[in-house]
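Written below as structure tokens is the structure these notes are about.
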Amino acid sequence: MFHVSFRYIFGIPPLILVLLPVASSDCDIEGKDGREYQHVLMISINDLDTMIKNRTNCPNNEPKVLKKHACDDNKEGMFLYRAARKLKQFVKMNNSEDFNLHLSRVSQGTLQLLNCTPKEDNKSVKEQRKQKSLCSLGILLQKIKTCWNKILRGSKEH
Amino acid sequence: MTILGTAFGMVFYLLQAVSGESGYAQNGEFEDAELDDYSFSCYSQLEVDGTQHLLTCAFDDPDVNSTNLEFEICGALLNVKCLTFDKLQEMYFIKTKKFLLIGDSEIHVKLGGKNITSKKLNIVKIVKPEAPFDIRVIYREGANDFLVTFNTSHSQKKYVKELMHEVAYRQEKNENDWMCVNLSSTKLTLLQRKLQPDAMYEIKVRSIPNANYFQGFWSEWSPTFHFRTPEITGGKMDPVLLTISILSFFSVALMVILACALWKKRIKPIVWPSLPDHKKTLEQLCKKPKKNLNVSFNPESFLDCQIHKVDGIQARDEAESFLQDTSPSQLDESEKQRLGGGMQGPIWPSEHAAITPKAFRGDSPFGCLAGSISMCEALVQPSSRSPDCREGCKNGPHVYQGLLLGPGTTNSTVPTPSTFQSGILTLNPTAQGQPMLTPLGSSQEEAYVTMSSFYQNQ
């Protein structure tokens, strides 16, 4: 009995402390009502999607993009943060001005709506450098769109 | 005293320093500049030229010396930190695609690189839409209304798509009497009855963002459109409607005239039938078997007939002799007198007006039996001497026969007698063979003729 109480006193609190960052969200999302996303970001994402489809025919097997990160529950903010930072890598000189501006708007606008504590910057930068094809960009944009919809759906339910 | 004087001196000194009339200010230029009102206002126009946006700023005070002043915007920009405005006369503007459209920006007024004043604003909250155009008014005669349509360039834009429009119209002669209607679509219907007929109107429209995400100011008014309302159509009616109304009026008038003309003869007898006149009914019944009979209760019809008053005793003797000659029918003396009296014609109906009630009293009925009827016939015969009224007098006794019974039907059975209450002569034959000369009562003028014989004759 003494051993059981010892376990509870000294075992569980550290466990909670370790798991707390995993369970909690690192980012605060300001645009949860969806107005910024619906009136600005979504327009740019749709325009980019149209431009990508006009320029390339992407294969059925989707390239892996942000495979280590997903729009999990309580992780939406962090996913969007990483995705927005990755979008910057797709800004190139050989893209049209409108294309680059839309990319920048989605990236910068998303980051402006998030209040995140940056983590794992080095690893995410390396990963972003590897995948710069337009098909990857298209998939990334779809994931961003899906994650935003999930956030807005969740805010409506609450 | 000294202290008081010193205090007053210091007060005056401070007043001078504050007013600055002595030219004490160290940095006169800047202080002069700070005294000017550098307040300004801006508005944005999104996608005004393709994908380019326009931001325009101007000082509120038009007297501000803006010679060396610059405007700069920082924040909420794509890929850059700040952008500098261009100047056109007294207006500062910037045309760029690099607006983020999320978050606030800061606009700085600078003089020689130094920041004079700043203002924080959000570009999506100061949007001024472009003015609508191509406003038109079409009169729809079938619906009696005016269809107002106009166009706006924002229907093709991506960002500011939802607008609220305000349509203003007025009669040209009424200054400052604008009627306003708000709508979110580009079509409006104005009812004709709400406008003055045969009047000239002018109409214009402007827009404002629909206050969802983008907000801002009213646009400029569209160019004014003029239209005239049609005249009152009261004097000009539809020809078909006019024809129908005239025809219906005349038909109604005709029906009224016919109703008035035929009221007594045709309509009233049907609607309010009068009680049958016994005399006329009798005449009608008599006319049926023999249409050429002169049946009438009017004594004037028998003026041509020579009617002689028969003496009572002589009548009785004649009657008896007649009866012996023809048939064993029996007549009461009073009945003879009655019959004789009945031949007087004109006086006859009035004398026997009260016969029928006596019949109902159960007096011994006098019945002109078949035989007695022939007696009657015999009595009546002398009256047919006059050749002038032969026809009529022939009809008289014939009628009498018709009234009593048909010729040659003396022995026919007599149905149940029916009597009129109005005092018509009733013939009440009895088949029981009652004595014909049975006295009927005190009145010798009474004569009973029953209606049953009429049915027999028919």
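Each chain gets a letter, A, B and so on, in the order its sequence line appears, and its residues count up from 1.
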Q) Checking heavy atoms, do the side chain of Q38(A), its backbone, both or neither come under 4.5 Å from chain B? A) neither

Q: Examine whether an atom of E36(A) lies under 4.5 Å from a heavy atom of chain B, and if so say whether it belongs to the side chain, the backbone or both; otherwise answer neither.
A: both

Q) Going by distance alone, is a donor N or O of one side chain under 3.5 Å from an acceptor N or O of the other, for N65(B) and T67(B)? A) yes

**Q.** NZ or CZ of K125(B) within 45° of Y213(B) ring axis and under 6.0 Å
**A.** yes

Q: Measure distances from F214(B) to the heavy atoms of chain A and classify the residue's part below 4.5 Å as side chain, backbone, both or neither.
A: side chain

Q: Please state whether the side chain, the backbone, both or neither of S107(A) comes within less than 4.5 Å of a heavy atom of chain B.
A: neither

Q) Does K143(A) make a cation-pi contact with F79(A) (under 6.0 Å, within 45 degrees of the axis)? A) no

(Q) Hydrogens and angles aside, do K145(A) and N46(A) bring a side-chain donor and acceptor to less than 3.5 Å of each other? (A) yes

Q: Let me see the working for D73(A) and K150(A) under side-chain contact (heavy atoms from CB on, under 4.5 Å), right down to the final yes or no.
A: CA-CA 9 Å; D73(A) 293 343; K150(A) 184 184 174 185; 2.7 Å; yes

Q.
Going by side-chain hydrogen bond (donor to acceptor under 3.5 Å, both in side chains), E220(B) matches just one of R206(B), K204(B), K128(B). Which one?
A. K128(B)

**Q.** Flag, side chain of T117(B) to backbone of V109(B), donor-acceptor distance under 3.5 Å
**A.** no

Q. Under a 4.5 Å heavy-atom cut-off, does chain B meet the side chain of I43(A), its backbone, both or neither?
A. side chain

Q.
I need the contact set between residues 142-154 of chain B and chain A: heavy-atom distance under 4.5 Å, sorted by residue number.
A. none

Quiz: residues 69-82 of chain B side-chain donor-acceptor pairs under 3.5 angstrom, not counting sequence neighbours:
| residue | atom | partner | partner atom | Å |
| --- | --- | --- | --- | --- |
| E72(B) | OE1 | K110(B) | NZ | 2.8 |
| N79(B) | OD1 | S104(A) | OG | 3.1 |
| N79(B) | ND2 | S104(A) | OG | 3.2 |

